[in-house]
There are 2 protein chains.
Amino acid sequence: MSVTIKDVAKLANVAPSTVSRVIADSPRISEQTKQKVRDAMEELGYYPNFIARSLASRSTHVLGLVMPGSADVVFQNPFFSNVLQGLSESAHEKKYALQMTTGKKESEIYNSVVEMVQGRRVDGIILLNSHINDKIMKYLLSTDFPFVVIGKPYENLDQITHVDNDNILAAREATEYLLTLNHKKIAFIGGSLNLVVTIDRLLGYDIALRQAGITLNSQYVIHEEFLQEGGREAISELLKLSEPPTALVVADDLMALGVLKKLDEYGVLVPKDLSIVSFNNVLFTEMSKPPLTSVDINIFDLGYEAAKNLIRKIENPDEPIRRIIIPHQIVERSSCKEYRSN
Amino acid sequence: MSVTIKDVAKLANVAPSTVSRVIADSPRISEQTKQKVRDAMEELGYYPNFIARSLASRSTHVLGLVMPGSADVVFQNPFFSNVLQGLSESAHEKKYALQMTTGKKESEIYNSVVEMVQGRRVDGIILLNSHINDKIMKYLLSTDFPFVVIGKPYENLDQITHVDNDNILAAREATEYLLTLNHKKIAFIGGSLNLVVTIDRLLGYDIALRQAGITLNSQYVIHEEFLQEGGREAISELLKLSEPPTALVVADDLMALGVLKKLDEYGVLVPKDLSIVSFNNVLFTEMSKPPLTSVDINIFDLGYEAAKNLIRKIENPDEPIRRIIIPHQIVERSSCKEYRSN
DNA sequence: TTGTAGGCGTTATCAG
DNA sequence: CTGATAACGCCTACAA
């Protein structure tokens with residue numbers, strides 16, 4: 001069928017094993033024969049068969065990416081494209097391919113992962129969306145198959161290499177930014193408490209308030225899905241309060257966009273009546289009306305580092321467990337304003 | 001190392017080939033031995049090695065997705081996540097994995113594709129972003145390796161299975177919609193003319209105008225990248241005209257968002273002063289201010305059908321070339337208004 | 001219905 | 001520095 005190592009060997013008058021060595025650029029082959037073999041490869045249009053190579057070398061040079069359920073809203077979030085871009089670029093630089101797996105239900109995804117791992121389809125795995133009680137993480141940990149998580153594992157922190165932001169600090173800073181602007185009544189709108197990101201950002205918010213001597217008002221904390229629809233629901237509840245907040249910490253840009261929309265419907269002006277700071281700093285934050293002040297978490301880097309460290313781990317089993325923290329910074333735009341009590 | 005077909009064979013007291021047949025659920029094996037073998041597999045925790053299976057059967061059950069350059073703006077477009085979602089779901093249903101390949105430059109991407117194909121890494125390939133003079137398409141065509149394109153090939157239309165919208169019609173309808181609202185001065189803002197989508201949408205726009213007896217004003221046609229930044233550049237040129245348009249056909253939602261932003265800066269009100277209809281109907285169209293009237297092209301389906309038809313083609317080489325057209329429909333929101341001349 | 005043996009295209013381990 | 005030869009784990013005639 002297609003041209004194999006044997007054909008090349010024959011044409012170059014060497015043994016197949018020699019050709020193999022030339023492919024690997026082994027230093028123990030004379031430049032002369034190398035050239036001879038390369039010419040033969042060229043002439044025949046030879047390309048190594050990756051599958052055969054994988055089988056023999058027991059490594060695929062493929063990274064597996066576990067995606068949120070295909071019906072999942074997370075998919076729609078620009079966050080996703082951004083990590084993917086980082087992962088993709090990093091993998092490509094190191095000559096690794098990226099393979100993704102999905103499923104509709106959690107259990108389906110779990111099975112896909114098991115198949116990937118046991119079936120030796122990939123050399124390592126990247127986990128997105130760290131949440132409480134993650135079975136996949138536990139499984140991976142039990143098989144000690146190379147993997148990294150983007151975000152922060154809920155358990156076994158010191159046994160899992162992960163790439164994350166310091167979300168506690170980030171949320172704290174975001175909240176402090178609002179406090180600096182003289183806001184006292186600051187609400188928090190976040191996604192599901194099953195997600196570790198939500199937990200961390202809520203924590204940071206809480207810490208900032210405490211330090212400012214403000215006790216957390218439980219009516220000011222709302223959890224919705226990380227989707228704009230969620231943000232919209234949340235807002236009406238807040239506005240009904242007898243003492244509505246003057247500022248909002250929103251855990252995701254897309255949600256913030258929904259909030260903005262809803263506020264507009266209610267005739268609430270941003271930032272005049274209400275200030276908003278959100279997270280992620282995705283593309284459209286500067287396109288919204290008003291442009292959103294958002295915490296840039298450098299999503300691309302999250303992906304880039306994740307792939308990079310996974311590959312490290314694959315190629316060097318003794319690589320220590322690492323916790324990589326990607327820096328963040330508040331990007332000020334026009335959704336916040338100093339509060340004046342009159 | 002890990003448990004193989006031989007271990008199972010031994011435990012079940014059968015030959016390895018029998019185990020192989022049980023895996024393939026061959027009808028020529030008695031239910032009795034099947035059960036016996038399955039029990040053994042269960043007991044040993046056996047999982048077939050995909051790599052070995054691929055090598056022997058000469059098929060990988062992997063689809064290759066060729067992505068735009070990793071630095072490319074297209075990556076940022078929600079369009080991308082949406083096709084991916086469709087591809088992913090479809091592939092998963094048929095038990096195929098999805099593998100992506102990137103590169104920064106066109107040539108790098110080309111090489112990745114050749115490697116994928118010659119290296120037998122994948123069983124078929126999905127091409128995104130059809131443009132003029134696509135070398136990858138030509139290469140694939142020359143090797144008659146299974147592939148489908150999402151969008152419309154520029155050449156060899158009848159030799160390439162592709163999944164597309166009727167973009168000419170869609171653009172025509174979008175323009176007619178504006179004409180119905182009494183607009184006469186309608187401008188077109190599109191992406192690069194290298195992209196077939198742009199060509200088609202421009203064509204549809206032109207047809208609609210002609211039919212309405214309006215001759216195309218070349219100053220009304222502007223091409224920019226499919227990114228919001230592009231949209232913003234475009235707008236200032238238009239507003240400088242002595243007879244600025246009263247309506248805009250914008251070839252992409254993200255661009256339209258940029259346009260909206262720019263218009264806002266210039267104090268132009270939408271839809272009062274200017275009507276806008278755009279394409280794709282991605283998530284944020286309903287979140288913008290004002291919500292955008294957009295042509296829904298059912299992006300998910302584009303992806304879903306692409307994967308589905310590629311798999312068909314892989315599993316049945318005699319499958320005819322197909323042209324699959326995904327329907328579209330205008331979703332009316334608040335960015336268009338009837339034009340009154342006074 | 002089941003077993004035997006060879007092959008898929010490489011890499012790896014020995015020799016030499 | 002290079003050549004045999006045996007894996008890698010599974011599939012598939014062919015034989016029984």
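Protein chains get the first letters and strands the later ones, always in sequence-line order, with residue 1 at the start of each.
Taking the side chain as every heavy atom from C-beta outward, B:Phe80 and B:Met67 approach each other to under 4.5 Å.
Under the 4.0 Å criterion applied to side-chain N and carboxylate O atoms, A:Glu106 and A:Lys135 are not assigned as salt-bridge partners. Electrostatic pairing of A:Asp25 and A:Arg38 counts as a salt bridge here, judged by a charged N lying under 4.0 Å from a carboxylate O.
Within the 4.0 Å cut-off from OP1 or OP2 of C:dT1, not a single side-chain nitrogen or oxygen of B:Thr18 is found. When the side-chain nitrogen and oxygen atoms of B:Arg58 are compared with OP1 and OP2 of C:dG9, one or more of them lie within a distance under 4.0 Å.
Within the nucleic acid shown, B:Ser54 has no heavy atom closer than 4.0 Å to any nucleic acid atom. Residue B:Thr33 is in sugar-phosphate contact alone, with no base atom involved, counting any heavy-atom pair closer than 4.0 Å across all strands shown.
Here the closest heavy-atom approach between residue B:Ile150 and residue B:Leu87 is recorded as CD1-CD2, 4.3 Å.
Tested against A:Tyr304 for a side chain to side chain donor-acceptor pair (under 3.5 Å), the candidates A:Glu93, A:Gln85, A:Glu89 yield a single pass: A:Glu93.
Rounded to whole angstrom, the span from the CD atom of B:Gln35 across to the P atom of C:dT2 amounts to 13 Å. For the pair B:Gln118 CD and C:dG9 P, the computed distance is 13 Å after rounding to whole Å. As rounded to whole Å, 13 Å separates atom P of C:dG3 from atom CZ of B:Arg28. Taking atom CD1 on A:Ile29 and atom C1' on D:dG3, their separation rounds to 10 Å, with Å as the unit. Between B:Lys10 atom NZ and D:dC10 atom P there is a gap of 13 Å when expressed in whole angstrom units.
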Give every pair of a protein N or O atom and an N or O atom of nucleotides 10-12 of chain C that lie under 3.5 Å apart, one pair per line with the distance.
from   : atom 1 : to      : atom 2 : distance (Å)
C:dT10 : OP1    : A:Tyr46 : OH     : 2.7
C:dT10 : OP1    : A:Asn49 : N      : 3.1
C:dT10 : OP2    : A:Ile5  : N      : 2.6
C:dT10 : O5'    : A:Tyr46 : OH     : 3.3
C:dT11 : OP1    : A:Arg53 : NE     : 3.3
C:dT11 : OP2    : A:Ser20 : OG     : 2.4

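Among the nucleotides D:dC8, C:dT1, C:dG3, the one closest to the side chain of A:Leu55 is D:dC8.
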Output a table of donor-acceptor pairs, distance under 3.5 Å, between side-chain atoms of residues 314-321 of chain B and any protein atom two or more places apart or on a different chain; print 'none' if there are none.
from     : atom 1 : to       : atom 2 : distance (Å)
B:Glu315 : OE2    : B:Tyr96  : OH     : 3.0
B:Asn316 : OD1    : B:Asp318 : N      : 3.0
B:Asn316 : ND2    : B:Glu319 : OE1    : 3.2
B:Glu319 : OE2    : B:Arg322 : NE     : 3.0
B:Glu319 : OE2    : B:Arg322 : NH2    : 2.5

